[in-house]
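One structure below.
Only heavy atoms go into these numbers, but all of them, side chains included; no hydrogens, no water, no symmetry mates. Each chain gets a letter, A, B and so on, in the order its sequence line appears, and its residues count up from 1.
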Number of protein chains: 2
Amino acid sequence: MPTFHRIPVRLKSCRYDLRIGSNHLTSLGSAVRSLRLGSHPVVLTNPTILRTHAPAVARLLSRSGFPVRTLTVPDTERSKSLPALSDLLSRLADLDRPGRRLFLVLVGGGVVGDLGGLAAGLYRRGIPYLQVPTTLLAQVDSSIGGKTGVDLPQGKNLVGLFNQPRLVFIELSFLRTLPDRQFRSGLAEVAKCGVIRDPEIFRFLERTSVADLRRDEKRLGWLVARAVRVKASVVEADERETRGIRTILNFGHTLGHALEAATGYGAAYTHGEAIAVGMAAATLISLRLRLIPASSAERLLRLIPHLGLPIGIRGPRPGISEILRAMSHDKKWQAGRNRWVLPTGIGRVLVRRDVPERIIRSVIEELRAGFKAGS
Amino acid sequence: MPTFHRIPVRLKSCRYDLRIGSNHLTSLGSAVRSLRLGSHPVVLTNPTILRTHAPAVARLLSRSGFPVRTLTVPDTERSKSLPALSDLLSRLADLDRPGRRLFLVLVGGGVVGDLGGLAAGLYRRGIPYLQVPTTLLAQVDSSIGGKTGVDLPQGKNLVGLFNQPRLVFIELSFLRTLPDRQFRSGLAEVAKCGVIRDPEIFRFLERTSVADLRRDEKRLGWLVARAVRVKASVVEADERETRGIRTILNFGHTLGHALEAATGYGAAYTHGEAIAVGMAAATLISLRLRLIPASSAERLLRLIPHLGLPIGIRGPRPGISEILRAMSHDKKWQAGRNRWVLPTGIGRVLVRRDVPERIIRSVIEELRAGFKAGS
């Protein structure tokens with residue numbers, strides 16, 4: 001039997017497991033069988049994963065006696081749209097027959113997970129689905145917590161649902177084919193989990209090189225399980241983001257989201273890279289407000305480049321006014337203020353709405369000038 | 001103070017009130033205020049109601065200090081589509097600004113309620129909404145229970161959510177402008193509530209003429225409150241249709257849905273008329289299976305025409321094979337069988353999957369030949 005970590009997620013509305021392991025795909029069929037999700041699995045994936053890992057997932061389900069069908073969506077932000085959602089729902093209806101009980105198996109990164117989780121929530125007022133994330137970012141972050149959604153021209157993730165999966169199946173060997181930049185991008189969310197809740201994660205990252213981590217799936221498994229546990233515990237405490245607790249997951253995201261928006265969600269910053277810059281910004285703000293000891297701030301600002309992630313804003317664009325404008329369009333913007341998740345140490349954060357704009361401006365300028373630790 | 005009935009709906013996920021009264025619209029503003037739904041109400045309605053009752057609702061909300069915006073959708077089944085949903089979500093985003101908290105006020109019949117309730121569930125992963133139903137059918141049935149949805153070319157209501165409103169506000173005076181055929185159509189669902197759960201409703205309908213009922217809002221209020229209570233109690237026992245209890249609300253719907261589908265959801269049958277024929281069919285099946293005393297079946301078959309509702313299938317089309325084919329496409333079709341809700345008396349039903357096809361065929365032929373009690 002392949003070994004894996006099993007982490008239960010206990011929510012008010014439901015309960016499900018996160019399973020994390022290397023080469024434990026063989027256990028997927030029986031896991032799905034015992035959950036009694038339905039009769040007809042539909043694998044949703046993207047063209048890249050269709051060439052690499054999706055066939056293995058489909059084969060496993062076939063061997064367990066399921067008649068598997070596979071659908072693909074392009075792996076671009078354009079798939080996170082209402083036209084793509086309509087198209088997917090229509091293709092699900094085409095596969096449906098009286099008496100069939102469809103369920104979705106989402107094999108891919110954040111796009112497949114966000115779109116597919118939404119479609120699963122809507123088709124016939126909800127069919128079961130499971131997440132089989134194939135990027136580090138999806139494994140430690142987007143596949144967990146039940147947030148699904150698509151974008152509108154007016155903004156990101158404006159249409160969506162909280163819809164929990166019935167199982168999150170994390171296969172670490174899938175990460176072997178992940179490009180290095182994507183792997184590092186995922187590490188930004190892992191580091192985030194360390195800063196907001198778990199100093200052990202932080203210390204581990206400080207003492208490990210990215211190259212070593214990619215070679216050692218056992219240690220990677222420990223790290224992913226640890227990060228996933230942070231996310232799961234925050235989601236357990238605040239499933240639908242109504243109690244303010246889930247806010248801490250937005251550490252690094254206030255500036256990060258604005259940076260992504262101001263650069264048109266292009267290749268300039270991956271999500272993890274934007275979050276990395278955002279974490280640096282929040283740390284500098286904490287320093288200015290004397291919320292964090294200088295030694296902790298230094299460790300934080302050293303870890304980001306250690307993981308091969310950016311700590312500064314490169315180039316003249318976007319300008320400060322573009323960044324501030326993007327920040328004022330943030331979903332969490334209220335009464336002329338952004339919400340900032342600020343570190344007070346390694347493993348501790350607090351949420352503030354009263355950061356003076358002059359401090360935000362000056363920190364952004366500092367990041368643009370090329371913060372020393374990052375150069 | 002205007003008097004009204006207040007019926008609480010207590011669900012696992014939430015709790016809200018149904019308020020039923022005549023000329024009690026003045027209490028809407030304070031009710032909405034005290035629920036703290038948000039800062040910016042968006043009234044969603046259709047062109048007919050925009051000319052009649054929607055302005056009064058908007059005015060009331062304005063007087064309570066809310067900046068009201070109004071959106072309309074055509075009152076046709078075509079509005080229950082993914083393109084119409086996309087369009088509505090985009091119009092909501094256009095009205096949105098950082099710091100605003102939108103909520104939806106759905107003033108109309110089933111189309112506005114089904115589309116608007118779905119949009120409310122999806123916009124920003126859910127904004128609050130309230131139902132202000134303006135047809136009898138919506139007041140006693142579709143506005144209660146949280147079922148929302150749109151159609152796909154492949155089938156009705158294939159895309160949707162269970163999404164409960166925060167308040168259902170039933171204003172009986174809105175029904176004064178309702179065409180007679182629509183009023184009678186709503187009475188079919190009221191009669192259904194009598195048959196499945198509440199003999200008092202049934203006896204009341206037997207002793208009342210439709211014309212009298214339209215003239216007497218006090219008695220109408222009693223009837224609507226009573227029907228609504230049946231629906232609410234069934235929904236309380238089985239919020240998401242997972243426990244088989246909610247099935248009894250489908251009394252009359254097995255053949256009814258098929259009749260609507262086989263006639264292209266056109267003018268041949270309103271929903272209530274199709275359900276009326278379906279209730280007659282279920283009663284005849286019960287008789288054949290000796291599940292119901294002949295005297296109860298006779299009362300049932302007499303009540304339908306007494307309410308001005310059809311009891312037979314007119315004309316050569318749809319043929320029996322078209323009807324049976326439509327039935328086999330029903331969402332509830334399983335293992336070659338339809339599910340039938342069959343009356344065993346006035347106020348009692350049971351659910352059967354084993355009705356022999358020859359009985360179904362012969363009952364449909366009987367309905368087509370023009371069942372005596374209905375001619």
> Among side-chain atoms of B/Q154 and A/D94, is any donor-acceptor pair under 3.5 angstrom?
Replying inline: yes
> Rounded to the nearest 0.5 Å, how far apart are CG of B/L158 and CG of A/L92?
Replying inline: 10.0 Å
> Quick one: CG on A/L82 to CG on B/L82, what's the gap to the nearest 0.5 Å?
Replying inline: 8.5 Å
Closest heavy-atom contact between [X] and [Y]?
X: A/L152; Y: B/L89; result: CD1-O, 3.7 Å
X: A/P98; Y: B/S328; result: CG-O, 3.1 Å
X: B/G121; Y: A/L161; result: O-CD2, 3.7 Å
X: B/R240; Y: A/R125; result: NH2-O, 4.4 Å

Over 12 non-hydrogen atoms of neighbours within 6.0 angstrom of [atom1] in [X]:
X: B/R69; atom1: CZ; value: no
X: A/R36; atom1: CZ; value: no
X: A/R33; atom1: CZ; value: yes

>> Which atoms of A/T148 are under 4.5 Å from chain B, going by heavy atoms: the side chain, the backbone, both sets, or neither?
In response: backbone
> With sequence neighbours left out, what residues match B/D87 under salt bridge (charged side-chain N to carboxylate O under 4.0 Å, His left out)?
Replying inline: B/R91
> Contact part of B/L118 toward chain A, heavy-atom cut-off under 4.5 Å: side chain, backbone, both or neither?
Replying inline: side chain
>> I need the residue from B/G126, B/G149, B/A93, B/G155 with the largest number of non-hydrogen atom pairs under 4.5 Å to chain A.
In response: B/A93
